[in-house]
Asks: 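So that we are looking at the same thing, I have put the structure below in structure tokens.
The structure presented is a predicted model; accordingly, all values stated were derived computationally and were not measured. Here is how names work: the chains are called A, B, and so on, in the same order as the sequence lines, proteins then strands, and each is numbered from 1.
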Amino acid sequence: MKLTRKDILGIQDFSVAEIELVLDTAESFIEVSTREIKKVPTLRGKTVINLFYEASTRTRTSFEIAGKRLSADTINISASTSSMVKGETLIDTAKNLEAMNPDIVVVRHSAAGAPHLLAGLLKQSIINAGDGAHEHPTQALLDMMTIRAKKGRIAGLNVAIIGDISHSRVARSNIYGLTKMGARVSVAGPATMIPRGVETLGVAAYTRIDDAIRGADIVMMLRIQTEREKNNIFPSLREYANHFSLNSRNITLAREDALIMHPGPMNRGVEISPDIADGPRSIILDQVTNGVAVRMALLYLLTGGDE
Amino acid sequence: MILVLKGGRILDPSRTLDTKGDLQIEDGKIVACGKAPAKALRSSGAEVIDLDGKLIVPGLIDIHTHLREPGFEYKETIASGCAAAVAGGFTSLACMANTDPVNDNPSVTEFIRRKAAECGVANVYPIAAISLKSEGATLAEFWDLKEAGAVGFSDDGRPVMNAALLRRALEYASSLEMPVIVHCEDKHLSAGGAMHEGLVSAELGLAGIPSIAEEVMVARDLLLAEYTGAALHIAHVSTAGSVRLIRAAKARGVRVTAETAPHYFTLTDAAVRAFDTNAKVSPPLRGVEDVAAIREGLRDGTIDVIATDHAPHARTDKEVEFDYAASGLTGLETSLGLSLALVRDGVLTLPALIEKMTLRPAGVIHVPKGTLAEGADADVTVIDPNRCWSVDRSAFRSRGKNTPFHGCTLTGKAVLTIVGGVIRHRDL
């Protein structure tokens, strides 16, 4: 099977077959990263541009390593060095990049829909590396890959996602992906962090962390964005940590074999206590490892590769 | 100069006239209208236009237009806006004050009127600002502005957050018998929002503008109008809650009129799903239940007026990320076609629709328009109710091509627009 789409904009419009194709392909790339010479010639002569309008360490590095291990030429452009600061529009920047004939443009942007705008204008493939609070499809794919690898399946699992659902692209992409794959998804956070109408996305919503964690196979903690405090989304980090942090007490509500995930970067002691983050159930670093494999798979599939 | 419009269906809500007949225009005035008119049909030199199967109605009036001049001529000019108006069947416009400089003093009001008179295509009535620079702090000089030709006061686009200022504006305007037109939006509740807060915003992760951002201000402004006894006009009603509040206020006898715009009874927030910035508008496109309530409000008379909120923007304002895109859509050339769908859908009778686009808006701003009575200015629109046409933004006379209706097929079109006895648009 081939991936026939031009762009990876979000999980919402992915089919189950497409998700499985990406996860299967990613698994086959895991091995490359364990070799002594971590490079295959698959994408030799291809150019991947990472266009990042928002700060990122993990995702940008992951895309860069993924491209390099496939022998693609990867170029990183971050907002601070791009001409965006000189007042050039996103469209003009992208058209200039297009004129240099890259094969794939990876975009991260603080505005929801920015990658969609580019996808409609550029002939190159666009990969959404996170657009505002909308989607972060590669994160959801690496999360699903990690869950499937650890649990052997996704269907039938209880997944709890805890934190600021309203402002989280990680939550949205995971909700779309996990529900498609047959998991039962619960979300929890103070009501200020739960979008109105979230139930229509097929999840159960709670305002107590305990209610979402109870019986969970997977507990996925979201990073709390400290600047949200200013908008009265929550009164203080202290109070948030007291009531929504994952700790050694409330984790006992989850299944005994429950696993802990976090998309990073973590606020230790805020949404997750350090002993949980570093404990035996944490698969947070597996997520990072799998992130490279998922991005290798997407670069490969978008440039015409198949099974 | 004699012009005879012959054999059309004449609809004049000002006299509840609905008859097949003729209309005769001489020297810019209507001299005969009805079944047995045309005292001088044989007059030499008269132009006779056969309008069998067409509707002859008073010239349409839009009391909510953004002409952008002075200051934003790259979006629209008074001339291009007037050209768009007559192409859409409008003979009179009231233009909002959010120009640069803001229309908060007589020199800007006079400038707009002079420019409009120079181009001479449509009647332009300036609406002046409530507060200086529309900053919501200091009342503009209403008396001077009225004498300069302003027909109402509004800080449209910049809601008046200070209730005490709006109270004073209502009282002061009331002593001048002038309407205050309010853009109801609580800026704190709408802060950061880019679209309606609802299921689609939950899906897209775009920050939402909740219905209550509009409704708390509608409620407040209705209370202020009730308390002061002044005339209040509520612009671009978009939510079910606003309709409910206005309906109740009218039942209590509050002096309130309300308008909506075609996009609020035609589209829902689903139009935003593909991040189409042409569907970004303020207030935002709402939910299915809101659209139903707006239609019911039009039907039962809660909403008096259909305005366009014609808000032209340049490509550069719209071809950007959704969050950064300007709000508004260009409406003068699609309003009639979209509104006629209300008749086909059984929401309004044809006379009721025409009333909401002629007589009622004229009443809000107290101008002697919206009638085909003998002796009135010959502002007349002829509509072909069966003309199917495809919206093509590249054919718009407006500089603003920002429409979410591009490519849509509409039924019904203005085919003849006469302003002061002169044919300004002809598409027969």
Side-chain angles (χ1 to χ4, degrees), chain A residues 9-13 53-54 84 87-95 107 109-121 128 130-136 164-173 175-176 187 193-203 205 227-228 230-233, chain B residues 186-213 215 239-241 268-280 284-290 313-327 402 404 406:
Chain A
L9 299 178
I11 301 295
Q12 193 179 16
D13 66 349
Y53 283 98
E54 241 187 15
M84 194 201 185
E88 189 173 57
T89 66
L90 174 64
I91 289 175
D92 282 332
T93 301
K95 283 189 169 167
V107 187
H109 200 292
S110 59
H116 306 65
L117 181 64
L118 297 185
L121 288 163
N128 179 2
D131 63 323
H134 180 218
E135 283 234 39
H136 192 350
D164 188 352
I165 310 299
S166 284
H167 299 95
S168 176
R169 53 194 175 213
V170 175
R172 275 186 185 76
S173 287
I175 287 169
Y176 296 138
V187 301
M193 295 184 182
I194 307 290
R196 286 169 70 82
V198 74
E199 295 83 1
T200 58
L201 305 183
V203 305
E227 66 271 18
R228 298 276 172 219
K230 289 191 215 88
N231 298 330
N232 290 315
I233 302 292
Chain B
D186 183 304
K187 294 299 282 180
H188 300 297
L189 283 168
S190 66
M195 68 173 296
H196 173 59
E197 180 173 287
L199 304 186
V200 181
S201 68
E203 243 175 70
L204 297 182
L206 284 168
I209 300 170
S211 304
I212 50 165
E215 291 154 6
T239 79
T268 66
D269 53 352
V272 173
R273 236 193 210 109
F275 295 100
D276 178 6
T277 56
N278 285 322
K280 183 176 180 183
L285 299 173
R286 302 286 187 184
V288 178
E289 62 291 349
D290 296 300
H313 287 294
R315 280 177 57 190
T316 47
D317 302 319
K318 285 289 193 180
E319 289 182 357
V320 294
E321 297 86 329
F322 196 90
D323 278 336
Y324 309 153
S327 291
N402 48 308
H406 179 66

Asks: Distance check, rounded to the nearest 0.5 Å: A:Glu135 atom CD versus A:Ser173 atom OG?
Replies: 3.5 Å
Asks: Side chain, backbone, both or neither: which part of B:Ser201 has a heavy atom under 4.5 Å from chain A?
Replies: backbone
Asks: Assess whether a salt bridge exists between A:Arg169 and A:Glu54, defined as any Lys/Arg side-chain N lying under 4.0 Å from an Asp/Glu carboxylate O.
Replies: yes
Asks: Report which part of A:Gln12 has an atom under 4.5 Å of a heavy atom belonging to chain B: side chain, backbone, both, or neither.
Replies: side chain
Asks: Using a 3.5 Å distance criterion without hydrogens, assess whether the side chain of B:Asn402 forms a donor-acceptor pair with backbone atoms of B:His313.
Replies: yes
Asks: With respect to chain B, which residue among A:Gly132, A:Pro195, A:Gly113, A:Ser110 yields the maximal number of heavy-atom pairs within a distance under 4.5 Å?
Replies: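 If we count pairs closer than 4.5 Å to chain B, A:Gly113 comes out on top.
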Asks: Heavy-atom distances under 4.5 Å only: say whether B:Glu197 touches chain A with side chain, backbone, both or neither.
Replies: side chain
Asks: Tell me, side chain or backbone of A:Arg196 under 4.5 Å from chain B's heavy atoms, or both, or neither?
Replies: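 Both the backbone and the side chain of A:Arg196 come within 4.5 Å of chain B.
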Asks: Between the side chain of B:Glu215 and the main-chain N/O of B:Gly241, is any donor-acceptor distance below 3.5 Å?
Replies: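 A pair under 3.5 Å: yes.
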Asks: Could you check whether the rings of B:Phe275 and A:His116 sit parallel, tilted or perpendicular, using 30° and 60° as the cut-offs?
Replies: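 Ring orientation of B:Phe275 relative to A:His116: tilted.
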